[in-house]
Amino acid sequence: MSTVYRHEGWIWEYTPGADVVSNEMVVIDTVCGVVQTDTASGDLGAVRVRGVVEVACPSAEAITQGATLNLDVANQEMQLAAGDLAGAGVATADAGAGVTTVWVSLNPGLV
């Protein structure tokens, strides 16, 4: 069979093992994604795995543009400290100490 182009790959179909809500960050093997719509366990939904998203970050960390970030699933944060998924994204802007969100370019499959 020859290769067939399907789509850009920014949004993946996703069937969660537990209920998920819109804008929740999830880990799919080695990929971090952002849930697009509330999806019940076992139902087919969608997860954004590419692009720049604004997510929570620890206010105690001073994140600089270009820093590799790790995903902390329990706190739904991207952080410099070790987390559940290493290399989940790269900061596209500074987020100094005291700031609670950071813009992140998602890195599908980079660990």
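Bear in mind that the values here come from a model prediction, so they are computed numbers and not experimental data.
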Got Met78 and Cys32 here, is their nearest side-chain heavy-atom distance under 4.5 Å?
yes
Closest non-hydrogen atom pair, Thr100 against Ser59:
CG2-CB, 4.1 Å
Non-hydrogen side-chain atoms of Val27 and Leu71 separated by less than 4.5 Å
yes
Would you kindly confirm whether Trp103 and Val53 end up in one hydrophobic cluster when ILVMFWY residues are joined by side chain heavy atoms under 4.5 Å apart?
no
Going by side-chain hydrogen bond (donor to acceptor under 3.5 Å, both in side chains), name the pairs with one or both residues in residues 5-26, residues two or more places apart or in two chains.
Tyr5-Glu8
Should Val47 and Val26 count as side-chain neighbours, where that means a heavy-atom distance under 4.5 Å?
yes
Does the pair Gln36 and Ile11 meet the rule for a side chain to side chain contact (heavy atoms under 4.5 Å, CB included), with working shown?
CA-CA 9 Å; Gln36 297 300 285; Ile11 307 258; 3.8 Å; yes
Tell me, do Leu106 and Arg50 make a side-chain contact under 4.5 Å, heavy atoms counted?
no
List the residues meeting side chain to side chain contact (heavy atoms under 4.5 Å, CB included) with Val99, not counting sequence neighbours, and say none if there are none.
Ala95
Check: Ile63 and Leu80 side chains under 4.5 Å, non-hydrogen atoms:
yes
Contact between Leu69 and Val90 at the side-chain level, heavy atoms closer than 4.5 Å - yes or no?
no
Once side-chain hydrogen bond (donor to acceptor under 3.5 Å, both in side chains) is applied, what residue pairs with a partner in residues 70-95 remain, sequence neighbours excluded?
Asp72-Asn75
Closest approach of Val102 and Cys57, non-hydrogen atoms and distance?
CG1-CB, 3.8 Å
